[in-house]
Amino acid sequence: METYFFKLLRFSLELEDTFCDVLSDKEWCEIYKLCIKHSLAGIVFQGIERLPKDQVPQKELLFQWYGVVEKIKTLNKIQNQRCVELTDLFHSAGFRTCVLKGQGTSLLYPRPLYRQCGDIDMWVEGNRDSVIDFARKRGVNIRSIDVQHSEMDFFKDVPVEIHFTPSYSFNYFYAKRLEKWTKSMANSQFSNFDDSARFVRSDIDFNLVFSLMHIYRHQFSEGIGMRQLIDYFYILKGSNISQRQNAYDNICYLGMRNFAGAVMYVLKKVLNIDDSLLLCPVNLPYGKFLLDEIMIAGNFGQYDKRIDHVDKQKKLKRGIAQFKRNWRFVQYYPQEVLWSPFWKLWHWGWRKYKGYL
């Protein structure tokens, strides 16, 4: 079934001109489940819209799928407006902002409204406590605060994460390098206003590194869905050779050389992208392992039956379950896995000291 799924995905992204297979009702149902699992219902529906009538799913599934896609479009329109409102709100108080991932990355898609959105991730420049105080004075409910971001209820209809820094690393030495790189890129990101979107968003040079780091981080926290790899495909597609070479240098500097090769393998295997777009040669063993993890776990690891999904409130049990999950990555990424318990202990103490727990 994965073969059909990958072929239909390539057709939907217009990487192939035709999709010749005629699928049974049962096969279409399985394809639909995979699309839901990887948050790609909207993207694949673009392909279905191009299929001859004798190849499309049965009416009942087609109408159900259509309803999901219309909801995705509506949510995207709402989120785009909320990005504008949030940008204006912070800018009026003197804070520079930058929309990360999501609604910013969707603008690289030919049809952005078909990309399934999640929450709004907004990087806000300035002191962490100043940003938190600003939100509290406006009566915004703050549900959590950690070293990277805070979940803040600015809107009833859209979840928001306010980032104090775009990403982090468990490894102390790579974390210092990441901090240095982030500071070097900050001004250009906070200045990258998109006239058509009416908000500031991160640019290609930043996203080539940051988005890979974001996928890397999800590997050790929840799990990776195919949607995140499609995002990275469009980032690569929007880049030039010089940008990719520079990005790969920084990716190696941040300790993600092997992971970059793994992602290139997945993009080559699933989408058969042109070699000229690859950041680096594919890494076969790392890539096969990553693709297996993606197909098992689904978006944010919601479908991974190998792990215990512990309630967020049970922090100790959740931490133990996560470390047990991450232990299977140790032979591939020991530089992150072996540092993780020390980082988590420090992070708990830091949050306790700051009064964030």
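Treat the numbers as computed from the prediction; the structure is a model and nothing was measured. Nothing fancy with the numbering, it's 1 onward along the sequence.
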Handout entry: V209 vs Y253 side-chain heavy atoms within contact, under 4.5 Å
Key = no
Practice task
Compare every heavy atom of R217 with every heavy atom of S169, then report the nearest pair and how far apart it is.
Solution key: CA-NH1, 3.7 Å
Problem - ring pair (Phe, Tyr, Trp, His ring centres under 6.0 Å) assessment of Y4 paired with F19 - result: CA-CA 9 Å; Y4 288 143; F19 179 76; 7.1 Å; no
Handout entry: side chain to side chain donor-acceptor pair (under 3.5 Å) partners for T105, two or more places apart
Key = none
Practice task
State plainly whether one hydrophobic cluster holds both L75 and Y109, where clusters connect Ile, Leu, Val, Met, Phe, Trp and Tyr through side-chain heavy atoms under 4.5 angstrom apart.
Solution key: no
Practice task
Under the side chain to side chain contact (heavy atoms under 4.5 Å, CB included) rule, what do M226 and L9 come out as? Steps first, then yes or no, please.
Solution key: CA-CA 10 Å; M226 193 60 71; L9 185 55; 4.2 Å; yes
Problem - Over 12 non-hydrogen atoms of neighbours within 6.0 angstrom of CZ in F342 - result: no
Exercise for the section: May I ask you to establish whether R82 and F154 are in a cation-pi arrangement, using a distance under 6.0 Å from NZ or CZ to the six-membered ring centre and at most 45° from the ring axis? Expected result: no
Handout entry: Aromatic ring pairing W346/W343, orientation class (parallel under 30°, perpendicular over 60°, tilted between)
Key = tilted
Exercise for the section: Take F329 and E336, measure what side chain to side chain contact (heavy atoms under 4.5 Å, CB included) needs, and give me the verdict at the end. Expected result: CA-CA 9 Å; F329 303 139; E336 283 292 313; over 6 Å; no
Practice task
Would you mind reporting whether T74 and I78 have side-chain heavy atoms less than 4.5 Å apart?
Solution key: yes
Exercise for the section: For the pair H91 and T97, evaluate side chain to side chain donor-acceptor pair (under 3.5 Å) and give the outcome as yes or no after the intermediate values. Expected result: CA-CA 7 Å; H91 283 207; T97 64; 3.1 Å; yes
Handout entry: Q103 and N76, any side-chain heavy atoms less than 4.5 Å apart
Key = yes
Exercise for the section: Run through N246, N240, I241 and flag the one making a side-chain contact (heavy atoms from CB on, under 4.5 Å) with Q243. Expected result: N240
Practice task
Indicate if L267 and L284 have the same hydrophobic cluster label, given that clusters are the connected sets of ILVMFWY residues with side-chain heavy-atom separations under 4.5 angstrom.
Solution key: yes
Handout entry: N207 versus Y232, side-chain donor and acceptor atoms under 3.5 Å
Key = no
Problem - Aromatic contact, Y174 with W339 (centres under 6.0 Å) - result: no
Handout entry: Distance-only donor-acceptor check, side chains H347 and D146, under 3.5 Å
Key = no
Handout entry: Contact summary for K101 and S202, nearest pair of heavy atoms
Key = N-OG, 4.5 Å
Exercise for the section: Please report the shortest heavy-atom distance between Q55 and D21, naming the atom on each side. Expected result: NE2-O, 2.9 Å
Exercise for the section: Fit a plane to each ring of F95 and F134, take the angle between them on a 0 to 90° scale, and name the class: parallel (under 30°), tilted (30 to 60°) or perpendicular (over 60°). Expected result: tilted
Practice task
May I ask you to check whether F170 and Y333 place their ring centers less than 6.0 Å from one another?
Solution key: no
Practice task
Not counting sequence neighbours, which residues clear side chain to side chain donor-acceptor pair (under 3.5 Å) with Y356? List them please.
Solution key: D129
Handout entry: Value rounded to 0.5 Å, distance of SG in C280 from CE in M256
Key = 11.0 Å
Problem - NZ (K268) with more than 12 external heavy atoms under 6.0 Å - result: yes
Handout entry: side chain to side chain contact (heavy atoms under 4.5 Å, CB included) between L86 and V99, worked out
Key = CA-CA 10 Å; L86 204 55; V99 173; over 6 Å; no
Exercise for the section: Measure from the ring center of Y332 to the ring center of F259 and say whether it is less than 6.0 Å. Expected result: no
Handout entry: Minimum heavy-atom distance Q189-C98, with the two atoms named
Key = O-SG, 3.8 Å
Handout entry: For G118 against P159, the heavy-atom pair lying closest together
Key = O-CG, 4.3 Å
Handout entry: R198 vs D88, salt bridge (charged side-chain N to carboxylate O under 4.0 Å, His left out): CA-CA, chis, key distance, verdict
Key = CA-CA 9 Å; R198 294 184 293 135; D88 292 343; 5.9 Å; no
Exercise for the section: Take the angle between the ring planes of W123 and F190 and call it parallel below 30°, perpendicular above 60°, tilted in between. Expected result: tilted
Practice task
For the pair K26 and E30, find out whether any cationic side-chain nitrogen is under 4.0 Å from an anionic carboxylate oxygen.
Solution key: no
Exercise for the section: Starting from the C-alpha separation in whole Å, work towards a yes-or-no answer on side chain to side chain contact (heavy atoms under 4.5 Å, CB included) for F6 and N272. Expected result: CA-CA 10 Å; F6 294 161; N272 194 28; over 6 Å; no
Problem - side chain to side chain donor-acceptor pair (under 3.5 Å) against K73, all qualifying residues, sequence neighbours excluded - result: E70, Y114
Handout entry: R111, CZ atom: more than 12 neighbouring heavy atoms under 6.0 Å
Key = yes
Fill in the blank from the handout: For K269 and R10, the nearest pair of non-hydrogen atoms, with its separation, is O-NH1, 4.0 Å
Handout entry: Greater than 12 external heavy atoms within 6.0 Å of D17's CG
Key = no
Handout entry: Beyond-backbone contact of L23 with W28, side-chain heavy atoms, under 4.5 angstrom
Key = yes
Practice task
Would you check if L236 and R244 make a side-chain contact, meaning some heavy-atom pair closer than 4.5 Å?
Solution key: yes
